[in-house]
Participant: 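Have a look at this one before I ask anything.
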Amino acid sequence: MDYSLNQNQQLAVENIEGPMLIIAGPGSGKTLTLIERIYNIIETKNIKPENLFISTFTEKAAQEIMTRLSNKLIENNIDLNIYDMYIGTFHSICLDILEEYREFTRLKKSYTLMDQFDQNYFLYQNIYDYKEFTDKFINKKYSNWRKANKLAYWLNKISEEMIDASDLIKSEDEEIKALGEAYILYRQQIEENNMLDFSTIQLETIDLLKRNKEIRVELSNKIKYIMVDEYQDTNTIQEKILFKLINEESENICVVGDDDQGLYRFRGATIRNILEFPNNFKNNECTQINLDINYRSHPNIINFYNNWMDQEFWEDNKGEYRYNKIVEEQDKEFPKNQTVIKVSGKNNEDDWSEEVYEFLINLKEKNIIDDWNQVAFLFKSVRNHRVTKLANDLEDMGINIYSPRSNMFFDREEIKLMIGAIISIFPQFPEVRKWNENAHLKEWEYFDDCFELFANEVRKEKNSDLKNWMQKKANKHINLKSNTDYSFSDLFYEILQFPLFSRYLDINGYEIEDLRPSRNLSIFSNLLTKFEYLHNISVLVPEYLDRNIRRLFNNFLRYLMDGGIDEYEDPSDYAPSGSISFMTVHQSKGLEFPVVFVDSLYSYPRKTYDELEVKLQKNYYKRDAFEPWDKIKHFDFWRLYYTAFSRAENLLVLTCQENSADRRGQRNVPSKYFEEYYANIPSWKSNMFKPKKLELEEVGKVDLKNEYSFTSHILLYENCPLQYLYFKELDFTPVRKGSFIFGTVVHQTIEDIHKAVLRGKEQLINKNQIEAWFNSNYNNLIKKERVYLRPSTQKIALEQILNYVEKNKNNWSQLKEAEVEVSLVKEDYILKGSVDLIQGEDDTVEIIDFKTEEKPDILDNKNEIMRYKNQLEVYAHLIEQKIDKKVSRMHLYYTSESEGNPFISFDKNSQEINKTIENFTNIVKKIENKKFDLDERPLKRCQECDMRHFCDNNFK
DNA sequence: GCTTCTTGGGTTTTT
DNA sequence: CCCAAGAAGC
């Protein structure tokens, strides 16, 4: 699409004051309009970035907007840091707000954020605490895991609908009462553990705004313009938060969405937010703009889905449940051709894969398809046998399939081998896994399978080293006498050194042919460390070894298999070149592909709520039901397939293995809901379809800017490119070690001291108060990290802090700012930094970075000190660019230096800074070009690195 | 020949 | 929970 805007887009961009509702049909240039509108606000209003609030549905969408916007700003020489905007998903913006005002919430420093699995597992581990309640509203016969899942579902529902649990426990209804009590207990438990889950993120935010009027006013004065994308997918609590943040006078809020593409009812999202949006404002104040010219699809396709929506009745005697609209084609020439066709397996045969293959190869051979990534298959779910079978069949025939959410993780060779290897070093496994004589789990067959696979490999001559190592470990573990100095995850990293596994990681200048296995092993490292975290395992202990083996396999891995593990997805590359994408319709939202196959035509509208839900809705939700209960399943069904159909640019293909139900238990495919449409489109073999007339669009990468900071990226890379490759690029999770919390607790406490000074509460700073801060920081940290410092080490940490205060208390007046987070958008990346301390007078400042390690000898450690100097220079650059102050000097402060001079100081030199930034940019380039060559191993670093065994064996 | 009832088998989506 | 068959009922 070119950059000229159509009339309605122009209108949306130019009208920036007051409330606005934009109904944007599929492919109507929504993102472009949004970006132009933001740009227009920035340009005409000359506002600060923190005056803008932009929420998107996914992190990826947020990143795309940031990248496109920052490019536009750079093009026009506007210097504004988009990182200071409130931009991201609702959840991430709420987290930012909570972070900003943390002291006003129940949250303490170092809180733990639980994702869905964490929350489920937390409830599973504590399920007996809830028994009395869950027995009342969850089937007693369910397994504990299933109970925990159900419980999490209801608890999240209460949070998301902002139901007051104290109302629930007053109920006569046992179910409702028990649910309320369970909720109260849950809130208590997560508060004790300083935890947050996805839905309480938003709840804490709204509580914060409700309880503290000043904060609400401060925020709503600061946030001058609000824009919300995908508004149809917002839920009750999100709408409430939004309206708390609106500045009441200006009411500059613009919501964008398409009621027809609302797909997230199961998460509490309601179309009602977008349909009733204008009612929130006085008469006709809300401007409504429809974007319904489609720039994406061939007119046949547009017709097809317009028709589809027309089939359903969107109103009843109570009201209308849809903005009635017809998507229009753009004004240009289109090839005259059938562009909605079917490719299907014949009735009751097993030939679907071959048909699909034949069709695809046909297009490829005629050079219609250049790259397989122009094709996408959309399914209701990709986690089922039909889909994986099709994927496997096509791969067998030579077409690559990209389907990271298909739940293939545990079927992958590298994962099965790794699980097999772990089993083999714990020979007690077959006995230990039984909790009684007759115990059996179906997952054991899988584990046995893994073991078998591994055993076959390890018998081979070329794997004899691994065999010897394994036997030694097995002999040790079968009769473990004393604590080891390693854990399961340490063993994982040791196993990687052997060729059977190192082949997946082996690199010659990062030429790993297929990254998938190494990504999967990286995910596995994450799972193992998570397991050890959840069960407080740091080393193997004879007393608990058997129990922990049982837990690892019978519980942890089993439940992961149940929930499914997604494989790696590159956010900048949703359709990797060379592969056909298999994805869910939900995943495909907002995307487009030249050729779209829509499958799952066996599907039909299904009821998705139960009685408890109806009871809650009726009596406790903040508002009455909106869409009629009996209509909901139909609406959702129609919206889902509307979204699917409208992803197609040039060719829409309906596909299925046709089936007419002629035996019991079979069903008709396509189901009756698609029957008519399906019957009326030609097959690809029909001469109504002329492939040669097709011209497909190209699929490109999304250009996303990545963040880089000196310490966690550049320094790491300079020290060891391989460490960067494995732990940053491939994201392997290091084995948890206690040492880093020393530095963190010292930093945090020094920050507390600085913050007190800055608030003018210098008098607070005495030994007792510092000790209190220290203890609180330490306790929060160990609660989160579950690793500890010895009392003697704690004492040393505290003394270093006291020592710092003793030495510097006469300088407090110099203190300007502490813990300053700065980021700077560069042409190709985003530079981030966190400056510990800025001090000085007027506009000339000095910056200080605290180091908790031993102060090095200046002559012996030139390199190390130079690198820290570079770090300071990067910070100086950030400060001068962003805060508009001149930096005169830069210091490192070594807290461990009690007697001598704790400082190493440098004068600022602008030329050197430029050189450092240039070097920074060069390293970013190397990283982005995937250059990870290593000349020589940095032996000092290797001692601490989990990959050392791998390197010992693979770099000689 | 038409309607109603019974029965067997298959069955999600995500911050 | 839903489909579609087969059985039962008229």
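Just so it is clear: chains get the letters A, B, ... in the order the sequence lines come, proteins before strands, and each one is counted from 1.
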Participant: Name all residues meeting the side chain to side chain donor-acceptor pair (under 3.5 Å) criterion together with A:Asn149; count only those two or more places apart in sequence or in a different chain, and write none if there are none.
Facilitator: A:Asn120

Participant: Residues in side chain to side chain donor-acceptor pair (under 3.5 Å) with A:Thr200, at least two apart?
Facilitator: A:Asp197

Participant: For A:Asp350, what residues pass the side chain to side chain contact (heavy atoms under 4.5 Å, CB included) criterion, not counting sequence neighbours?
Facilitator: A:Lys389, A:Gln657

Participant: Indicate, with a heavy-atom threshold strictly under 4.0 Å, whether A:Tyr673 touches base, sugar-phosphate, or nothing.
Facilitator: sugar-phosphate

Participant: Give me each pair satisfying salt bridge (Lys or Arg N to Asp or Glu O under 4.0 Å) with a member in residues 266-275 of chain A, each pair once, sequence neighbours excluded.
Facilitator: A:Arg272-A:Glu276

Participant: Apply side chain to side chain donor-acceptor pair (under 3.5 Å) to A:Trp352 and list each qualifying residue two or more places apart in sequence or on a separate chain.
Facilitator: A:Thr655

Participant: Could you run through nucleotides 8-15 of chain B and give me one letter per nucleotide, 5' to 3': B if any protein heavy atom sits under 4.0 Å from the base, S if only the sugar-phosphate is that close, - if neither?
Facilitator: BBBBBBBB

Participant: Is the ring centre of A:Phe593 less than 6.0 Å from the ring centre of A:Tyr574?
Facilitator: yes

Participant: Anything under 4.0 Å to a heavy atom of chain A counts; send over the first and last such nucleotide of DNA chain C, read 5' to 3'.
Facilitator: C:dC1 to C:dG6

Participant: By side chain to side chain contact (heavy atoms under 4.5 Å, CB included), which residues pair with A:Asn680, not counting sequence neighbours?
Facilitator: A:Glu676

Participant: Kindly write out the residues that satisfy side chain to side chain donor-acceptor pair (under 3.5 Å) with A:Ser55, not counting sequence neighbours, or none if the list is empty.
Facilitator: none

Participant: With heavy atoms under 4.0 Å as the rule, sort A:Asn668 into base, sugar-phosphate or nothing.
Facilitator: sugar-phosphate

